Amino acid sequence: VQLQASGGGLVQAGDSLRLSCAASGRTFSGFSLGWFRQAPGKEREFVSAISRRAGNTYYADSVKGRFTISRDNAKNTVYLQMNSLKPEDTAVYYCAADFRTTSQAMAITTRAREYDYWGQGTQVTVSS
């Protein structure tokens with residue numbers, strides 16, 4: 001699976017952005033999908049994930065209530081709607097795909113090492 005993230009940019013605190021991650025290659029619907037981010041000098045951290053069957057989502061406490069993850073299997077795309085952005089949201093955002101069998105359709109993970117494929121990242125910068 002090849003993942004291509006886009007939608008990052010420079011915004012002011014309180015603004016919104018929507019990140020997109022388009023996938024190609026293997027069947028998109030067979031993967032749970034996640035977003036991670038990495039700020040300068042910090043480790044990569046989990047942001048959000050959505051299950052293969054889009055009924056289960058999970059968010060880091062730092063973004064809960066502000067970010068929304070969704071997926072469109074027809075478009076092979078996962079989205080991250082980011083509202084009420086804060087300067088501490090500044091980071092490179094990565095999308096990732098974790099292959100899941102049918103029996104794991106509702107499973108998601110926050111652990112980066114469990115994801116099989118990664119996109120190249122998109123920069124989000126939030127000014128105060």
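The shown structure was predicted, so the numbers you read here are calculated from the model rather than taken from an experiment.
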>> Return the CD to OG1 distance between Gln123 and Thr90, rounded to the nearest 0.5 Å.
In response: 7.5 Å
>> Strictly distance-based, threshold 3.5 Å: is any side-chain N or O of Gln4 a donor or acceptor partner for the main-chain N or O of Gly119?
In response: no
> Under the salt bridge (charged side-chain N to carboxylate O under 4.0 Å, His left out) rule, what pairs show up with a residue in residues 55-64, not counting sequence neighbours?
Replying inline: Asp61-Lys64
> Atom CZ of Phe99 and atom CZ of Arg52: how far apart are they, to the nearest 0.5 Å?
Replying inline: 6.5 Å
> Looking only at heavy atoms, which two atoms of Tyr115 and Trp118 are closest? And how far apart?
Replying inline: O-NE1, 3.7 Å
>> If you compare all heavy atoms of Tyr59 against all heavy atoms of Ile69, which two are closest, and at what distance to 0.1 Å?
In response: OH-N, 2.9 Å
> Who passes side chain to side chain contact (heavy atoms under 4.5 Å, CB included) against Gln38, sequence neighbours left out?
Replying inline: Arg44, Tyr94
Return a table of donor-acceptor pairs under 3.5 angstrom between the side chains of residues 101-112 and protein atoms on other chains or two or more places apart.
| residue | atom | partner | partner atom | Å |
| --- | --- | --- | --- | --- |
| Thr101 | OG1 | Ser103 | OG | 3.1 |
| Thr101 | OG1 | Gln104 | OE1 | 3.2 |
| Gln104 | OE1 | Thr101 | N | 3.0 |
| Thr109 | OG1 | Arg111 | N | 3.1 |
| Thr109 | OG1 | Glu114 | OE1 | 3.3 |
| Arg111 | NE | Glu114 | OE2 | 2.4 |
| Arg111 | NH2 | Glu114 | OE2 | 2.7 |

Throw together a table of side-chain donor-acceptor distances under 3.5 angstrom for residues 28-37, partners on residues two or more places apart or in other chains.
| residue | atom | partner | partner atom | Å |
| --- | --- | --- | --- | --- |
| Ser32 | OG | Asp98 | O | 3.4 |
| Ser32 | OG | Asp98 | OD2 | 3.4 |
| Arg37 | NE | Glu45 | OE2 | 2.5 |
| Arg37 | NH1 | Asp89 | OD1 | 2.9 |
| Arg37 | NH1 | Tyr93 | OH | 2.9 |
| Arg37 | NH2 | Glu45 | OE2 | 3.2 |
| Arg37 | NH2 | Ser62 | OG | 3.4 |

> Tyr117 and Phe46: same hydrophobic cluster, using ILVMFWY side-chain contacts below 4.5 Å?
Replying inline: no
> Between Leu80 and Ser48, what is the shortest heavy-atom contact and its length?
Replying inline: CD1-CB, 4.1 Å
> Honestly curious: do Val78 and Val124 fall in one hydrophobic cluster under the side-chain, below-4.5 Å linking rule?
Replying inline: yes
Please set out all donor-acceptor pairs under 3.5 angstrom arising from side-chain atoms of residues 12-23, sequence neighbours excluded.
| residue | atom | partner | partner atom | Å |
| --- | --- | --- | --- | --- |
| Asp15 | OD2 | Gln12 | N | 3.1 |
| Ser16 | OG | Asn83 | OD1 | 2.9 |

>> Please enumerate all residues that pass side chain to side chain contact (heavy atoms under 4.5 Å, CB included) together with Ser84, with sequence neighbours excluded.
In response: Arg66
> Is it true that Val126 and Val47 fall in one hydrophobic cluster, defined by side-chain heavy atoms closer than 4.5 Å?
Replying inline: yes
